[in-house]
Amino acid sequence: MGSRRALSLVLLLISFIHSGLTQESSPSPQSDPVITRQKAVSIGQNQVIIEELAILTPQKIELLCNLIDIPNNPPNITGYWTKDGQEIENSEESVNRNNEQYILKRTFSIEARDLGNYSCNFRENEAKVTFVLDVPAIKGTRNKPVVSYIGDSVVLECKLKLKHTPNTWNWYKANDTEKVLINVTANPQNYKIVINGSDTKLTVLNLTEEDSGKYICSAEFDIKPRESYVKLKVLSYTEPLKPFIAIVVEVIVLVTLILLWEKCKKPQQDNSSAGENDVCSEQTSKLAGDENNGVNNTARQRKLQP
Amino acid sequence: MPRPASTNLGYTPPDGGWGWAVVFGSFISIGFSYAFPKSLTIYFKEIQEYFSISYSEIAWVSSIMLATMYAGGPVSSVLVNRYGSRPVVIVGGLMVGVAMVTASFGTTIVHLYLCVGVIGGFGLAFNLQPSLTIIGKYFLVKRPIANGLAMAGSPVFLSTLAPLNQFLFDHFGWRGSFLILGGVLFNCCMAGSLMRPIKMRKTTDENDTGKLDVTSQRAGEDESKQSGCATKVNQFIDVSLFKHRGFLIYLVGNVLMFFGFFAPVVFLAPYAKHQGIDEYSAAFLLSIFALVDMFARPGTGLVANTRWIRPKIQYFFSLSVIFNGLCHIMCPLLPGYSGLVVYAVFFGLAFGMVCALLFEVLMDLVGAQRFSSAVGLATIIECGPVLLGPPISGLLVDIFLDYKYMYFACGVMMVLGGIFLYIMNYYNYRWLEKEGKQRKVEELEIGSAKELAANEENKDNEEEIRQNTQEEG
């Protein structure tokens, strides 16, 4: 890396040739209007670039790698393509220099089995660009199950990472080896499916213990469906009740202990201070009595005296 | 030392012994009160999906809970004045526990608003006020330490409730978690049972206090003839506090301060993510903040208790507020993740200092007798800036699309509040000194007058006794 001058792969032009499709992806394109979309991404100064492309339908796609800043600027270099690390047969070709740029491009016909990692490589240097061709991914699956209760309802969600719209979404319930399609029209009181473009929500109503398990959501694209799963666990109400009762018992025990301890200490304090109080109250009552008597006497005396 | 008149409890507080158990009880109550509403946010996403509502609708649950907790302050004060701390805290614990248990069976979002928001909020209000009040009844000399330790409950409980809530959510879903949390909240009743009412043991000079009571009674009767309504209200809650100079200074300063107090905590993680920092490091910032906060509170209590700081504790508080404001002003200037870590440490320190002293200075100003009413009135007035602060700050962020203006605004509000408190307390201290000297002069005069009167009475008594013996004899 250090010995060479920094390479920069500047321009990656990707042009797709979109061929008209029928419902089943047919290998041979029909003569429908051709839509060419071009996405130009320019990344500078990196040697290894990974570009993710979302493929929704079978199509023909042209991948293009543009190499600049090669030391010595040879008149031509050899490039070849690999798929998933394996060199594609007869893909090697000689690239001529064009204004200090070397452009290697190839058109691929992509079907379901053709999805994978396509890389352009060059024999003379280590620059590499990888295009990851795949159906759009679904946002991270939680390993932890969603928890709900018998008789309650729950909402399970699947969402695509980016805003692509599949043809439709399907939900399946996985039973050991096979998966069973969830049919809302056959079972409207137990299931509800809401589809909102790139995300979908399955509501399971009137839960029972058998509803626990794996639920598979499938985004149906023309080329290949994308699947993910959500795990559901249905508990009975006694499950959280056990720790709840344990904590309430603990609180009651502690409160009783604290109040009992206080009661025990109270008579001790009362006994010790009762003596003082008696002494104190005797003295104060004496003084009060004397004062009262004195006041009464003076009042009587004053009354008698004119 | 504090002025004698304002802290005339009629008895000397124990300053230890069972007081530390009371501090522990207050620690638990305060911890639940402040940390619980914030820790509920973990359940929001699932509840939001379950009821098919928007995020703002679910966020109302937390807001209603906080608002009721602050607004319930005066109600709590009235009850504490009447019945003492212990019954109110136990009732509060029962309320919030039952509220959560009921909420776990809720079928609409309105159920949650009522149960968790309103009843839960009142229950927490019945926990917060009495816990603060009873510390003033048990401690005088060591009160700042006691306050600092009790207020440390908030960060400790937040740090424990957050992972606990996540654990409960993973194993029991939101309904089961609410049920179990109801049980956990019943522990507030246990905290309340620790708050033994203190037995008033009268001091030896009963005659003086007797005379004072008589004079105040007569004054009270005159007043009652003039304005029956005001005295009736005064029986429940001490509204005359609004004439108390120190209390008014505290109110104005705090209202200014609270506008910028909570928003930086709320926006710390979003600001970090906005800078390009990943979620886990942003969450770690909050952990650093909470950890520093946890130790800053009792530490500040210890420092405030020293003989150099205690007499001038108002200055210490206003300086902490200014320090807090300066942290916010410096925040946008600190670069990168390490800058934010430094900010989190200093902010944690400043936040802990302010929180530890928040109620201690109020006790210092109005005295333990009137503290219960004071804290109720203060919380309901502070309710406004506390609830408005974060949304207004959010608005600033949305308008300017940059966090630094929000931080400047919060910092400036706090610095203004702090400066106001500092200056006004300077004058307050001077006026109190003058009044103290005047009172001493008056007491001396009263004392000499009493002596004369007592001498005359004795002479009268002696004369009567002589006359009686003469008559008999």
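Hydrogens, waters and symmetry mates play no part in the numbers below; they use all other heavy atoms, side chains included. So that the names make sense, note that chain A is the first sequence line, chain B the second, and so on, each numbered from 1.
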Contacting moiety of A:Val155, where chain B heavy atoms sit under 4.5 Å: both
Any A:Asp199 side-chain heavy atom under 4.5 Å of A:Leu160 side chain: no
Residue pair B:Trp18, B:Phe24: steps toward the ring-ring contact (aromatic ring centres under 6.0 Å, His included) verdict: CA-CA 10 Å; B:Trp18 187 252; B:Phe24 180 64; over 10 Å; no
B:Gly192 to B:Arg86 - nearest heavy-atom pair and separation: O-CG, 3.4 Å
Separation of A:Leu232 CG from A:Ser212 OG (nearest 0.5 Å): 5.5 Å
B:Phe105, part contacting chain A, at a heavy-atom distance under 4.5 Å: side chain
Side-chain H-bond candidate by donor/acceptor type, B:Tyr50 with B:Arg175, under 3.5 Å: yes
Which portion of A:Ser153 sits near chain B, non-hydrogen atoms under 4.5 angstrom: both
Closest contact, heavy atoms only, B:Pro13 versus B:Lys137: CB-O, 3.7 Å
Option that, when pairs with chain B are counted at under 4.5 Å, heavy atom only, ranks first among A:Leu254, A:Val154, A:Val255: A:Val255
Segment of A:Ile245 engaging chain B (4.5 angstrom heavy-atom cut-off): neither
Heavy-atom pairs under 4.5 Å with chain B, option from A:Asp152, A:Leu241, A:Val248, A:Leu257 with the top count: A:Asp152
Contact leader toward chain B among A:Ile252, A:Thr203, A:Ile258, where contacts are heavy-atom pairs under 4.5 Å: A:Ile258
